[in-house]
There are 2 protein chains.
Amino acid sequence: MPSAKDKGAVNNAHALPHPPAGLNKKTDRMPHFPSAVIRRLALYGRVLQILENNRTEKISSKALAEHMGLNSAQVRKDLAYFGQFGVPGYGYHVRSLRANLKRVLGTDRQLRLALIGAGNLGMALMTYGGFSRQGVRIVMGFDVDRRKAGSLRNGIPIYHVDDLEKRLRRDLVDIVALTVPSDAAQPLADRVGQTGVSAILNFVPCRLMAPPGVRIHDVDLTIEIECLSFYIK
Amino acid sequence: MPSAKDKGAVNNAHALPHPPAGLNKKTDRMPHFPSAVIRRLALYGRVLQILENNRTEKISSKALAEHMGLNSAQVRKDLAYFGQFGVPGYGYHVRSLRANLKRVLGTDRQLRLALIGAGNLGMALMTYGGFSRQGVRIVMGFDVDRRKAGSLRNGIPIYHVDDLEKRLRRDLVDIVALTVPSDAAQPLADRVGQTGVSAILNFVPCRLMAPPGVRIHDVDLTIEIECLSFYIK
DNA sequence: TAGATTGTTAATCGATTAACAATC
DNA sequence: TAGATTGTTAATCGATTAACAATC
C-alpha cells in the first residue's frame, strides 16, 4: 500500500495559486448543473435572438442543434434540465423558449456592475456597449488615481478606491470587474468580499482566492493566447 | 509565417515508448489533444513560473495538482501526452518542465498580432502589457476611421483597413484580434482568410465562419456575464 | 389519423481517478 | 538499499449520443 506521505517540497509563496475555494461538486445542496450546459444555454439564447429578429416562430431541436454544431439530443437534454419548454410534434416556440432561457439564466433582470481599475481595459469596458445589451449596467468605476476620482467616463462616475466598500454597499452592486495590476488583485477581492457583491469578473491574469459567498469568474486573455499558440504551431 | 512546422519532438533523451494517446482518432494524421488538456498546460505554466521565481527546483505531480486543484494522476497524464518530463522518485524539474511546456505550447517563439478595430477595446489591447509578457507582439492596428490611420498608439502603427491584406501579408502577421462592430466581423474574417494569418481572436459577440485554414477563438464577454448571472441568482 | 418531434431512458464515448510496476 | 514518485493501465465517473414511447 503506497503510503503517499503528503510532503510538499514547495515552499508556499504567497503569490501561488491555490485549489478552488469552497463550494464545489456535490457538497452543494443546490442541484448541480454542468457549467458546459449553462454556457450552451447562453449560446442558445443568441441563436434564438437571431431567429426572433427574423420572425421565425418555431424551431426543432434538430434545427437548433445544427445552428450550434451540436447533437439534437443534447439540445433537448440541456433544455429539459430546466423545464418542459417544447411541444412534441411541433418543436419549440422561439419567443417563449427565449424568454424561458432568460429567466433561467437570470438575464431577465438588470445586474449592476462596478469596475475596479480605470486603466485602459477598465476605461474600454466603460464605453463598451455590449454589457448593456445583456442587461448589465455599469454603475461606477474605481481607481487609485485621485485625478480620475470624481470624473465621469461615458456618464459613469469614477470614485477613489478608498471609498470602495461604502459605494459598493450603498449602490447594491451585484458584480465587480477587476481590471487592476496583479499585485492589487487579491487584496481588492478580499475587500469586495465584505460588501455583498455576489461575483467577481477577474481580468487579472492570476488566480484569486474567492472570499466566502463570492463567485470568481476568470477572463484570462493570456491563457487564451497560449491555447491559440498551440494550435497554430 | 512561422515556418516551424516541425513535429513536436520530445527533446527528452528518453524515447516515447508508445505513440501519444489520442492517435486512434478518425484522422490518423495529427493526434488529437483535448482542448481542456491544452488549457491546463497553459495553467501549469503559470504555476511553474511562480515556482521558478521562488527558486523552487523541483515539484511532484501531487504538489502541482494541489496548486491547481486537480488530481495528481491527471497532472501526470496531461504531461505524459507530450513526453516524459519527470523523474521517478524525484518529480519534475521546474525549470526544464516549464521550458518543455513552452515549447509544446509554442510560446517559446514570438507571435505577431494585428488588431482590427481601433475602438475602445482595440485601443485598450494596444496598451495592454499582458500580451508581450506571453511573447505576443502587437505589430499593427487597423481602423475604418481615416483620421486614425497613420497615427501611432503606444508605438503601434494604425493603418486604414483598406490596406489590410497588403499589410498583413507584408508583415507576416500570425494572429488577428477582431474588435469591430458585429456587422463588420464576418467580411473582415473572410478577408483575413486570404492573407496567411493562422488564427483570429474574436472579441465580437457573434459566431463567425472560419475561412479555410484559419482557427477562430471566441472571447465573448457577454456569454461570460450570462453564465455569471445564472450562478448569482 | 399520420407525421413529426418531444422528453427520457439506455448505450456509448471520453475524461478523470485509482492502482501499481518500473525506476530513480 | 528503502522511499518516493513517475508513466501507464484499469476502473470509475460523467457527458454525449442513440433509441423510442409518449403525444401534439
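Chain letters run A, B, ... following the sequence lines, proteins first and then strands; every chain starts at 1.
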A:Y90 side chain near D:dA22 phosphate (N/O to OP1/OP2, under 4.0 Å): no
Side chain to side chain contact (heavy atoms under 4.5 Å, CB included) between A:V176 and A:T195, intermediate numbers included: CA-CA 11 Å; A:V176 150; A:T195 63; over 6 Å; no
Touch class at under 4.0 angstrom, heavy-atom based, for A:F85 against every strand present: sugar-phosphate
From C:dA18, D:dA18, C:dA15, nucleotide with atom closest to B:N71 side chain: C:dA18
side-chain N/O B:R40 vs C:dT16 OP1/OP2, d < 4.0 Å: yes
Heavy-atom side-chain proximity of B:L79 to B:N100 below 4.5 angstrom: no
Step-by-step side chain to side chain contact (heavy atoms under 4.5 Å, CB included) determination, A:S72 to A:E66: CA-CA 8 Å; A:S72 70; A:E66 276 162 12; over 6 Å; no
Spacing between B:I38 atom CD1 and C:dA15 atom C1', to the nearest angstrom: 14 Å
B:S61 side-chain N/O to D:dT5 phosphate OP1/OP2 under 4.0 Å: no
Derivation and outcome, side-chain hydrogen bond (donor to acceptor under 3.5 Å, both in side chains), residues A:T222 and A:D220: CA-CA 6 Å; A:T222 65; A:D220 192 328; 2.9 Å; yes
Nearest-Å distance for atom pair CG/C1', residues A:L97 and C:dT5: 14 Å
Between C:dT5 (P) and A:L64 (CG): distance, integer Å: 13 Å
Atom pair distance, as rounded to whole Å: CD in A:Q74 and P in C:dC13: 16 Å
5′-ward residue of the pair A:P88/A:V37 relative to DNA chain D: A:V37
Of A:L70 and A:G89, the one whose closest DNA chain D nucleotide lies more 5': A:L70
Among D:dT5, C:dG7, C:dA18, the one nearest A:A80 by side-chain distance: C:dG7
Separation of D:dT6 P from B:K62 NZ (nearest whole Å): 11 Å
Atom-pair distance (NZ on B:K77; P on D:dA11), nearest Å: 14 Å
Lys/Arg-Asp/Glu bridge criterion (N-O < 4.0 Å) met for B:D174, B:R112: no
OP1 or OP2 of D:dA4 under 4.0 Å from side-chain N/O of B:Y92: no
Within 45° cone of A:Y92 ring axis and under 6.0 Å: A:K58 NZ or CZ: no
Distance, rounded to the nearest Å, where B:K58 contributes NZ and C:dC24 contributes P: 16 Å
Validation row: B:T179, B:V204 side chains within 4.5 angstrom (heavy atoms): no
Consecutive-pair stems (at least three Watson-Crick or G-U pairs, under 3.5 Å) that include DNA chain C: C:3-24 with D:3-24
Separation of atom CG in A:L79 from atom P in C:dT5, rounded to whole Å: 16 Å
N or O in side chain of A:Q84 less than 4.0 angstrom from C:dT8 OP1/OP2: yes
Distance below 4.0 Å between A:R76 side-chain N/O and C:dT6 OP1 or OP2: yes
Sub-4.5 Å side-chain heavy-atom contact between B:R95 and B:L48: no
